[in-house]
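Model, not experiment: these values are computed from the prediction. As a basis for the values below, the full set of heavy atoms in this structure was taken, side chains included, without hydrogen atoms, waters or symmetry mates.
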Amino acid sequence: MLQESKLLLDRYDHYFTREPNTRYWLVIVNNHYDQMYGFFLYSQKGQEVTIYSHELLALPFAKGLYSQVYRDLQDYSDLPVEYRDTDDLVENVPAVEFDPLHGHRHSTVYLPEDKNSHEN
């Protein structure tokens, strides 16, 4: 087994805690910008809206490396796999302007700096 596969599976075991009432799935991202494959473990507890993600491995584009690591992961895990590609972004969403749930108790809308505020 490749060293990359061992590292991936070690991290998989660390984050896949098998908590009750929790949904787990794997996400593999073909990142053309960084020339990498990203392997992530996602989880969602019960009916919560928040989805947690843990990066398991960033794998450089190299002939045969991805296919071997992917086969090792398939042999080890029965979790569903979602594939993403940076060439096909899912949707363009607007920036978060107000989010009291995650600590933004005020608007985060960009306000241009007053040019006269720095003059003394």
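- Each salt bridge (Lys or Arg N to Asp or Glu O under 4.0 Å) pair with one or both residues in residues 5-14, not counting sequence neighbours, would appear here, but there are none.
- Sorted by first and then second residue, the pairs that involve residues 39-51 and meet salt bridge (Lys or Arg N to Asp or Glu O under 4.0 Å), not counting sequence neighbours, are E19-K45.
- With values rounded to the nearest 0.5 angstrom, N31 atom CG is found 12.0 Å from L59 atom CG.
- Between the CG atom of L79 and the OH atom of Y12 there is a distance of 3.5 Å, given to the nearest 0.5 Å.
- Residue pairs satisfying the salt bridge (Lys or Arg N to Asp or Glu O under 4.0 Å) criterion with at least one member in residues 24-42, sequence neighbours excluded, are absent.
- Cluster membership check: Y37 shares its hydrophobic cluster with Y76, using side-chain heavy-atom separations under 4.5 Å among Ile, Leu, Val, Met, Phe, Trp and Tyr.
- Clustering ILVMFWY residues whenever any of their side-chain heavy atoms sit less than 4.5 angstrom apart, transitively, puts M1 in the very cluster that holds F39.
- Distance check, rounded to the nearest 0.5 Å: CG of L57 to CE of M36 gives 7.5 Å.
- Listed by first and then second residue, the salt bridge (Lys or Arg N to Asp or Glu O under 4.0 Å) pairs that reach into residues 62-75 come to none, sequence neighbours excluded.
- Put simply, Y66 and Y33 are part of two different groups of oily side chains (I, L, V, M, F, W, Y) that touch within less than 4.5 Å, one to the next.
- Partners of H54 according to the side chain to side chain donor-acceptor pair (under 3.5 Å) rule, which considers only residues two or more places apart in sequence or in another chain, do not exist here.
- The CD atom of Q44 lies 8.5 Å from the OG1 atom of T50; values are rounded to the nearest 0.5 Å.
- Between F16 and Y24, the angle of the ring planes goes over 60°, which puts this pair in the perpendicular group of the 30/60° scheme.
- Hydrophobic cluster membership of F40, counting Ile, Leu, Val, Met, Phe, Trp and Tyr whose side-chain heavy atoms lie under 4.5 Å apart directly or via other members: W25, V27, V29, Y42, I51.
- Remark: L26 CG to Q74 CD distance equals 10.0 Å, nearest 0.5 Å.
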